[in-house]
Each structure stands twice: as C-alpha cells, then as structure tokens.
There are 2 protein chains.
Amino acid sequence: MTATVPHPRQHAGERLLTPGEVATLFRVDPKTVTRWATAGRIGSIRTPGGHRRFRESEVKTLLAELTTEATEPVRNA
Amino acid sequence: MTATVPHPRQHAGERLLTPGEVATLFRVDPKTVTRWATAGRIGSIRTPGGHRRFRESEVKTLLAELTTEATEPVRNA
DNA sequence: AGTCAGTGGGGTAATTAGGGAG
DNA sequence: CCTGTCCTAATTACCCCACTGA
C-alpha cells in the first residue's frame, strides 16, 4: 500500500494524489507524470522533502478533457 | 485514519494544527510531518507531554509556496 | 478511574526524485 | 517530441510498543 485511506475530511474536497496514483489513472509510468509536472502541463504541490502531490480535481478534469467519445454508431449493432 | 475532528474552540488568531491535520493537507503520513519538524523544515510547538503542534498560518504559507499551477496548455484539449 | 484515538520513537520496506542512455 | 527503463540517493510509508491528551 501507499498511504492512508482517502480522506472525506479535507479543506474543500481538495484531495491530493501521489505520482503513482496519477500514473495508474493514465496508465503511464510515474516518471511520465513527473515530466508532465516539470513541463507545467499539470499543477503540483511539493512536500518539504521534494516529493510531488497532485490535485485529484485537476487530474480528473484533465482526464475528462482528454477523453473523446465515439461519434459514429456501430454499423452492426 | 489520523486526524479526527473533535476540536476545541482555539480562539485567538493563531490556530494550531496537529500532526495528523498537517499530514492530511500534504497527503503524507503523520510520521513524515514529525520528521519535517525534526529536520527543521517546519516550525513546531511541543506540549509539555512531548506532542507537537504546528501553526496553521505557517503551514498554509508553506503549502502555498510549494504549490505550482499548470502553465502550459493541454495539447489535445 | 478508565477509555481510546492520536502521537512519539525506532526500525524496515516501498516510492519518488534526478540524471542519463535507449 | 514523448515515453519507458536503469541507476543511486533521498524521502516517505508501514510495522512495532509506550505514552499523551481530551
């Protein structure tokens, strides 16, 4: 396991995700998530130790923006 | 879980946070917050019994300083 | 007096950061 | 241009038990 369970008790639903969790959501390597943060494509919060945390809301929004639905119906349905 | 909510009305300007509460803000383990205090990365106040408390204003400031917003637009959006 | 979540201290595994080469 | 992997070092997470604090 990585950490504690999700917190229902945060500021304003400001849950944070670890690089590994974000990597799982996008099905990529955690290293890639780090590069996104370095490139400024996704906001990040650094711990005093240097590790990164990501806003869950931002990650979800990003996922939604990059999601494309099928526009043509299946011909054999 | 680490931080519960039972809380005394800490009136006055300076509200104090428990290690568990600070840990929640940074999405880390309460033990990690303790190490930050030991390493001098964050100021702490010790109770006569040895437990630590952190200044909310200092924590918030630190959190804000370590926060980076996304600057580059998403390619596929 | 007694309960009990939270904390401290110590020690060991798991993640992460960073650079670099493919 | 972007990503996954290898490496080392640093940071963090989870385990124990004893004590604090409300």
Side-chain angles (χ1 to χ4, degrees), chain A residues 1-11 14-56 58-68, chain B residues 1-12 14-56 58-77:
Chain A
M1 292 325 174
T2 314
T4 49
V5 295
H7 305 285
R9 179 75 184 83
Q10 184 82 17
H11 239 356
E14 190 85 75
R15 288 197 304 172
L16 299 180
L17 301 177
T18 64
E21 291 170 338
V22 177
T24 300
L25 291 176
F26 281 90
R27 200 55 168 94
V28 295
D29 194 273
K31 189 79 172 184
T32 300
V33 178
T34 295
R35 293 197 185 97
W36 293 345
T38 302
R41 291 200 178 84
I42 182 174
S44 65
I45 299 176
R46 311 273 296 209
T47 67
H51 285 202
R52 296 183 182 86
R53 297 285 114 101
F54 304 92
R55 304 177 199 274
E56 186 187 40
E58 185 177 354
V59 173
K60 284 186 174 179
T61 299
L62 193 58
L63 265 174
E65 288 180 346
L66 299 176
T67 298
T68 303
Chain B
M1 194 76 66
T2 40
T4 340
V5 192
H7 249 0
R9 290 285 154 247
Q10 187 75 29
H11 48 285
E14 202 59 60
R15 197 152 72 103
L16 298 180
L17 301 178
T18 64
E21 291 172 331
V22 177
T24 300
L25 292 175
F26 282 91
R27 182 60 165 86
V28 294
D29 192 274
K31 294 287 189 177
T32 301
V33 179
T34 295
R35 292 194 218 92
W36 294 344
T38 301
R41 298 181 196 272
I42 183 175
S44 63
I45 298 175
R46 308 277 297 212
T47 66
H51 286 195
R52 297 185 180 84
R53 296 288 118 94
F54 304 89
R55 297 186 177 281
E56 185 184 39
E58 181 180 354
V59 174
K60 282 188 173 180
T61 300
L62 185 61
L63 190 58
E65 289 179 351
L66 296 174
T67 299
T68 303
E69 301 298 337
T71 58
E72 297 297 325
V74 181
R75 299 164 55 84
N76 294 3

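To find a chain, count down the sequence lines: A is the first, B the second, and so on, and within it residues start at 1. Predicted, not measured: the structure shown is a model, and the values here were computed from it.
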Measure the shortest side-chain to side-chain distance between B/T18 and B/R53 over non-hydrogen atoms and say whether it is less than 4.5 angstrom.
yes
Would you indicate, yes or no, if C/dT15 has its OP1 or OP2 atom less than 4.0 angstrom from a side-chain nitrogen or oxygen of A/T18?
no
Spacing between A/E21 atom CD and D/dA13 atom C1', to the nearest angstrom:
12 Å
Would you say a side-chain N or O of B/W36 is under 4.0 Å from OP1 or OP2 of D/dT12?
yes
Counting only side-chain N and O atoms of B/T34, is one of them less than 4.0 Å from OP1 or OP2 of C/dT7?
no
Would you mind reading off the distance between B/L66 atom CG and C/dT16 atom P, rounded to a whole angstrom?
18 Å
Side-chain atoms of A/T32 come closest, of D/dG4, D/dG21, D/dT12, to D/dG4
Find the distance B/L16:CG to C/dT7:P and express it as a whole number of Å.
13 Å
Reported CD-to-OG1 distance for the pair A/E56 and A/T61, which is rounded to 0.5 angstrom:
10.0 Å
Separation of A/R46 atom CZ from D/dT11 atom P, in whole Å?
12 Å
Hey, can you pull the donor-acceptor pairs under 3.5 Å for the side chains in residues 27-44 of chain A, sequence neighbours left out?
from	atom 1	to	atom 2	distance (Å)
A/D29	OD1	A/K31	N	2.9
A/T34	OG1	A/P30	O	3.3
A/T38	OG1	A/T34	O	3.0

Identify all side-chain donor-acceptor contacts of residues 45-52 of chain B below 3.5 Å with residues at least two apart in sequence or on another chain.
from	atom 1	to	atom 2	distance (Å)
B/R46	NE	B/G50	O	3.2
B/R46	NH2	B/G50	O	3.0
B/T47	OG1	B/G49	N	3.3
B/T47	OG1	B/G50	N	3.3
B/T47	OG1	B/H51	N	3.0
B/T47	OG1	B/H51	O	3.3

Protein-nucleic acid N or O pairs under 3.5 Å, nucleotides 19-22 of chain C:
from	atom 1	to	atom 2	distance (Å)
C/dG19	N7	A/K31	NZ	3.4
C/dG19	O6	A/K31	NZ	2.9

Taken in chain and number order and not counting sequence neighbours, the residues that satisfy side-chain hydrogen bond (donor to acceptor under 3.5 Å, both in side chains) with A/R55 are A/E14, B/E69
Given D/dC14, D/dT11, C/dG8, the nucleotide with the shortest approach to the side chain of B/H51:
C/dG8
For B/E65, give me all partners under side-chain hydrogen bond (donor to acceptor under 3.5 Å, both in side chains), at least two apart in sequence or on another chain.
none
Please pick, from D/dC14, C/dA17, D/dT12, the nucleotide with the shortest atom-to-atom distance to any side-chain atom of A/R53.
D/dT12
For a side-chain contact (heavy atoms from CB on, under 4.5 Å) check, start with the C-alpha distance between A/F26 and A/L63, then their side-chain angles and the critical distance, and finish with the verdict.
CA-CA 8 Å; A/F26 281 90; A/L63 265 174; 3.5 Å; yes
Could you tell me the separation between the CZ atom of A/F54 and the P atom of C/dT15, rounded to a whole number of Å?
16 Å
Heavy atoms from C-beta onward define the side chain here; which of C/dA17, D/dG21, D/dG4 lies closest to that of A/V28?
D/dG4
Could you work out which one of C/dG18, C/dG9, C/dT16 sits closest to the side chain of B/R52?
C/dG9
For DNA chain D, which residues of residues 38-45 of chain A approach it to below 4.0 angstrom with any heavy atom?
A/R41
